[in-house]
2 protein chains.
Amino acid sequence: MKRKTAAEKPHEHLIKDAKKLVLEYPKVPLTVDCAIFGFEENKLKVLVIKSDLEYYKGHYSLLGDIVKDNEELDDAAYRVLKERTGMNDVFLDQVRAFSHPDRHPGGRVITVAYCSLLNINHHQLKIHDNDLNWHSVSTLKDMAFDHKEIVDECYSWLQKRIQEHPLGFNLLPEKFSLRELQNLYEAILAVSLDRRNFRKKFASMDLLIDINEMEQDVPHRPGKLYKFNFEKYEKSKRKWIGIDF
Amino acid sequence: MKRKTAAEKPHEHLIKDAKKLVLEYPKVPLTVDCAIFGFEENKLKVLVIKSDLEYYKGHYSLLGDIVKDNEELDDAAYRVLKERTGMNDVFLDQVRAFSHPDRHPGGRVITVAYCSLLNINHHQLKIHDNDLNWHSVSTLKDMAFDHKEIVDECYSWLQKRIQEHPLGFNLLPEKFSLRELQNLYEAILAVSLDRRNFRKKFASMDLLIDINEMEQDVPHRPGKLYKFNFEKYEKSKRKWIGIDF
DNA sequence: TAATAATGTGTACCTTTTACATAGTAGGAT
DNA sequence: ATCCTACTATGTAAAAGGTACACATTATTA
């Protein structure tokens with residue numbers, strides 16, 4: 001049989017043993033890190049914990065952990081969330097992977113960042129663990145690893161995401177006033193919005209349920225309380241066509 | 001000295017040796033896979049290659065490779081693109097990681113998906129390599145690994161992205177007619193758009209440069225040719241506030 | 001009871017989107 | 001040459017949505 005060049009017959013040698021192939025692959029340690037945002041005192045906060053590492057003594061880091069053998073990334077992130085906050089009914093979204101070779105002082109570790117939002121008052125933190133606490137996003141600095149970069153990126157992700165999806169309601173009590181809702185948007189987007197137009201916008205979406213209750217214990221005229229109509233939202237997710245850049 | 005519980009004094013034992021810590025971490029094989037889109041004959045295409053694996057004999061897969069020791073994910077993706085298409089001046093965006101434990105028949109391999117767009121006519125493919133070719137996105141099926149899922153996700157990413165960023169121009173010739181631009185948007189978004197409103201939209205953005213040339217060799221009245229004004233776009237990137245879901 | 005600090009609604013204006021109409025021009029068939 | 005075809009190119013009116021305002025109302029508290 002006449003020899004063919006590799007260019008002509010590239011399929012000659014298919015790899016039979018996939019297991020053997022994968023065993024020869026280089027391997028890297030992989031972690032997940034969770035940027036868990038909350039809202040309190042009209043400020044956006046993020047859950048941080050003191051670093052375990054002497055190298056980063058006194059610096060805060062995000063909640064994270066190693067990805068276990070055969071564990072999905074999503075599952076690893078949910079596990080971290082559950083272990084630290086007791087929550088397991090919270091949404092969690094992958095933002096992106098961070099892979100700078102020097103991002104970890106112990107050698108190469110790649111991490112996948114996740115973002116989550118939760119209502120601070122709904123969750124008792126296990127605060128005995130390494131000074132776990134809510135830290136204002138705007139005053140964060142000197143974080144361990146590249147966690148400041150991760151927080152910044154997750155925050156940008158959140159700013160964009162909250163405008164297109166009803167994420168914000170995860171940060172608020174079940175019943176909330178329009179003022180609380182607006183405060184949330186203003187804090188996250190770092191803008192000030194016209195109160196009347198903001199209300200009109202949400203009114204026109206028709207996704208808030210007026211529950212005929214009023215705010216209690218506010219030092220001024222109380223506002224109406226609303227719930228978000230998740231059911232209606234799920235039924236009528238819009239597909240969005242609008243070229244604009 | 002009185003003993004304290006772990007809850008009271010959690011910082012007692014900081015980890016001194018970060019290197020040792022990382023050495024104990026479980027490790028996983030990591031790859032990048034690139035969904036590289038092109039546009040031809042009014043169809044959105046994606047670059048695929050026949051799988052090396054006997055297990056997936058005859059099935060197409062995306063272009064991908066192992067991430068090397070100390071290589072950034074972005075660099076690995078650019079390397080794949082360069083090796084396969086000869087291009088190194090193309091943008092490439094991370095979409096997300098895929099980590100299902102059974103996604104690779106050889107055992108656990110996590111992959112990070114990247115998305116890129118390029119002009120089919122600008123790049124000579126090294127088509128001797130395993131039947132590398134452009135495949136219509138709409139008729140793709142039976143891909144190796146979870147690559148169909150990756151393509152689907154990258155396609156969704158692209159649909160959203162192209163509405164907010166001027167990505168589409170990477171798929172077109174440098175000089176293009178408005179009809180070509182509209183065909184591109186219609187193909188990617190899978191909608192039909194009103195021609196007059198489409199033109200008005202781009203006219204109002206004022207980012208197309210009329211180069212005073214006409215189409216050649218079209219079997220009908222030729223249209224004007226334009227270039228995209230990347231320079232102006234870079235100067236005037238808008239920050240977008242518009243709650244809507 | 002008056003000042004304060006909110007809530008709750010309305011309106012006029014402007015911009016953008018949508019739906020649709022008409023005129024013009026190159027190529028090809030006859 | 002003339003007409004048909006298949007586009008380009010532009011315009012316009014109505015609807016929808018966003019912006020910038022003003023004013024009356026209602027709890028609280030000083």
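Sequence lines set the chain letters: A, B, ... in the order given, protein chains first and strands last, and positions in each chain run from 1.
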Quiz item: Can D75(A) and R79(A) be said to form a salt bridge (charged side-chain N to carboxylate O under 4.0 Å, His left out), step by step?
Solution: CA-CA 6 Å; D75(A) 293 338; R79(A) 178 169 54 76; over 6 Å; no
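In summary, the side chains of S99(A) and E72(B) do present a donor paired with an acceptor at a separation below 3.5 Å, with no hydrogens or angles considered. For the residue pair Q182(B) / E186(B), a side-chain donor-acceptor distance below 3.5 Å is found, with atom types taken as modelled.
Atom pair Q182(A):CD and dA6(C):P shows a separation of 12 Å (rounding to whole Å applied). The CZ-P distance, from F176(A) to dT7(C), rounds to 14 Å in whole Å. Put simply, CG on D206(B) is 13 Å from P on dT16(C), counting in whole angstrom units. Rounded to an integer number of Å, the gap from CZ of R195(B) to P of dT10(D) is 11 Å. Taking atom CZ of residue F198(B) and atom C1' of nucleotide dA19(C), one finds them 18 Å apart after rounding to whole Å. Rounded to whole Å, the distance from CD on E215(A) to P on dT26(D) is 16 Å. Here dA9(D) presents its P atom at 7 Å from CG of L178(B), a figure rounded to the nearest Å.
Between the side chain of R196(B) and the base of dA21(C), at least one donor-acceptor pair of N or O atoms lies under 3.5 Å.
Here the shortest heavy-atom pairing between H59(B) and D142(B) reads ND1-O, 3.0 Å. Looking at every heavy atom in both residues, D33(A) comes nearest to L62(A) through OD1-O, 4.2 Å.
By the ring pair (Phe, Tyr, Trp, His ring centres under 6.0 Å) test, F230(A) is found to be paired with F228(A), residues two or more places apart in sequence or in another chain being considered. Under the ring pair (Phe, Tyr, Trp, His ring centres under 6.0 Å) criterion, H135(B) pairs with Y60(B), not counting sequence neighbours. Under the side-chain hydrogen bond (donor to acceptor under 3.5 Å, both in side chains) criterion, K227(A) pairs with no residue at all, not counting sequence neighbours.
Closest to the side chain of D194(A), from the set dC21(D), dT18(C), dA9(D), is dC21(D). Of the candidate nucleotides dT7(C), dA9(D), dC21(D), dT7(C) has the atom lying nearest to any side-chain atom of R199(A).
Aromatic pair F169(B)/F176(B): centroids less than 6.0 angstrom apart.
Taking the six-membered ring where tryptophan is involved, the planes of F245(B) and F202(A) are perpendicular, since the angle between them exceeds 60° and thus also 30°.
For the pair R196(B) and F198(B), the cation does not sit on the ring face, since its NZ or CZ is not both under 6.0 Å from the ring centre and inside 45° of the axis.
Heavy-atom neighbours of E231(B) CD from other residues, nucleotides or ligands within 6.0 Å: at or below the threshold of 12.
Heavy-atom nearest nucleotides on DNA chain D were determined for N197(B) and for G223(B), and the one closer to the 5' end corresponds to G223(B).
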Atom pairs under 3.5 Å: protein N/O with N/O of nucleotides 14-18 of chain D:
from	atom 1	to	atom 2	distance (Å)
dG18(D)	OP1	K201(A)	NZ	3.4
dG18(D)	OP2	K201(A)	NZ	3.2

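A rotation axis mapping the C1' atoms of four pairs onto the next four is fitted at both ends of the helix from dT1(C)-dA30(D) to dT30(C)-dA1(D) over five pairs, and the angle between these axes is 0° to 10 degrees.
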Practice problem: Spell out protein contact along nucleotides 23-30 of chain C as letters: B when the base is contacted, S when just the sugar-phosphate is, - when no protein heavy atom is under 4.0 Å; keep the 5' to 3' order. | Solution: -BBB----
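Contact annotation: R179(B) side-chain N/O to dT8(D) OP1/OP2 distance is under 4.0 Å.
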